Amino acid sequence: MLNKQLETRQRFNVRMVCFFAATPVFLGLLLFQIMQLQWFEHEKYQLQADQNRLNIIPLLPVRGEIIDAQGKGLAINHIDYRVTLIPERVKDLDATLHTLAQALHWTDDKVRLLHKRIKHTRPDRSVLLDDKLKWSDVSPLSARLHHYPGINVEAGSYRQYPFAELTSHIIGYLSLANAGDVDDGFLPSEFIGRTGIEKSFETSLHGHLGHQREEVDALGRRIAVINSKPPIMGETIQLALDTDIQQAASDALGERTGAVVVMDVHSGGVIALLSKPGYDTNRFITGLESAQWQSWLNNPEKPLLNRATQAAYPPASTFKLVTGLAGLDHGSHLAEGSSFCPGYIEFSDRKLHCWKRRGHDSVNLHKALVESCDVYFYQLADQLGMGIISDTAQAWGLGEKTQIDLAPESRGIIPAQSPYMMAAIKNTQSRRKKWFRGETMITGIGQGALTTTPLQIARLAAAIANGGSILKPQVLAHIPAEVLHQVKVKPEHLQMIRSAMRDVVLSNKGTAHRALNKAVWTSAGKTGTAQVIKLSKNKSIDKDILRHHKDHAWFMGYAPYENPQIAIAVFVEHGGHGGSDAAPVAAAVIQAMATKQARASDAQVNNKPLIRKPGSDS
């Protein structure tokens, strides 16, 4: 019995020893855990507590506006209200969207679209449900927001383009941020510039986000606003573009497809940059339907294409100016002498015809430019060779991007005698190592593989007018001229080209005489007619030929001739002839410029204060 009690006592003592030994260990672990929570991980759990207690609502900035040279709004803002949702704070998404659909009159298609948008958005990010709403639309919902955790009604603004189609290609458009934009730090409810100025100057126009910190209860309902940081509005951007001149160019071009570029010859300021047809950029803000987008994509006239900068075409006879400059610069005896044009030139087993089948008789460089003689430039190009012509074209800014702040931009094609060029202008399968003489000859008159953009041709006209300065086209107003490089050209050679361009307008035989001779400002220029299809021998174009088989029409030039201010390039796709179809558009632009300047001068005179002579009565 005694032994049994002794054994029991020993087991008890062992247990007590273990208890007293373990107690400090457990107390130590508890103390360590307390220290871990209170000190080492305090910020982590404090943040989690705050996140359960606080909502941080992003405040979207008002986008900066875009105005033209006269201060007219090209991209402006209107006050509106928008409804947003943070998915992780909504308990029953289907029920919430159903309630909102009834309150805001959404269609079933819109609800399905919102489900898809929410599905592809992070649950902690705000999702735009509806915008461009009036206060009368959202006031009933706003009064009951405490019943809908995760839903917010915000005051904001929406974009409007007063000259939507007229300026669509230069201003561009906005659309909601996509997954890639969200990865870059944008919110799903923000609008981002996709094309034109809206894209090129996104950083300046966008502004900076603000935020509002709200205290919420356990159900996510707002109790109070703790503090807020207001958003910063984006910058207002003023363009060199003059909407009146843009409109005049559009009216003159009418329903035809084409492009018009007007540049300041000294600063490079882009006064007009028109591409037709345009498209309604407001459709992207109001919600672009898939059917509308597909109709634009499938339209054979390609309204989404900026023909002024993205499309490159054979420059036709406007390129003869470059061939002539190459001949003068390299001392060609033909450029300084004369030749005979019987209406064709025999080459191998064929004849290359002049546009004037009966010929131009004796012709020198001046006459060849004025009357646009093909035979003369066939001979001059053959004499110079493709290498010299290519080098001269590149010196005058062709075959390279102009660096205008409107991406993307085509550089065009300037052929050069190299295997790389042969593959580029023919196809990847053809790597001929020989460049044929006939290709050089047709390049000399602006045909063949050679292509340029209307903007490049306008800059070429500006360079001829300003003495050889190749300028960066500036879309912003009040930006100093940026000379990319200076062409080394003799003044006497440049004057010969200018004199011939003047007679293109002034001479009775000049190809732009009928359209521009009586213009308000004196002008100088060059027409061009780019062949689209090759016709059979001795066959002329029928009036009833399909429009898409008609030739392209070009005009390029500058005005006034004595004191140049503007350079112009007009391109009419399948328009016909440069002199009869493109030059009249340039005449309308010159008329608009002259009228605008005359009105400005009259207003300045009329607003001058009356200056009294000393001693006269008051």
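Bear in mind that the values here come from a model prediction, so they are computed numbers and not experimental data. Residue indices begin at 1 and follow the sequence shown.
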Given side chains that start at C-beta, do those of [X] and [Y] come closer than 4.5 Å, heavy atoms only?
| X | Y | result |
| --- | --- | --- |
| L455 | I404 | yes |
| N77 | R159 | yes |
| Y313 | T451 | no |

Side-chain donor-acceptor contact under 3.5 Å, [X] with [Y]:
| X | Y | result |
| --- | --- | --- |
| S295 | Q292 | yes |
| T257 | E301 | yes |
| D405 | S200 | no |
| Q160 | H78 | yes |

Verify whether the ring centers belonging to [X] and [Y] lie closer than 6.0 Å.
| X | Y | answer |
| --- | --- | --- |
| Y279 | H169 | yes |
| F201 | H206 | no |
| F284 | W296 | yes |

Quick one: does any side-chain atom of T121 pair with a main-chain N or O of R117 as donor and acceptor, under 3.5 Å? yes
Pairing of [X] and [Y] as salt bridge, 4.0 angstrom limit:
| X | Y | answer |
| --- | --- | --- |
| K596 | D242 | yes |
| E165 | R283 | no |
| K276 | E255 | no |

Tell me the closest heavy-atom pair linking R194 and K199, and the distance in Å. O-CD, 3.1 Å
Shortest non-hydrogen contact from A240 toward A69: O-CB, 3.7 Å
Could you tell me whether H208 atom NE2 has more than 12 heavy atoms of other residues or ligands within 6.0 Å of it? no
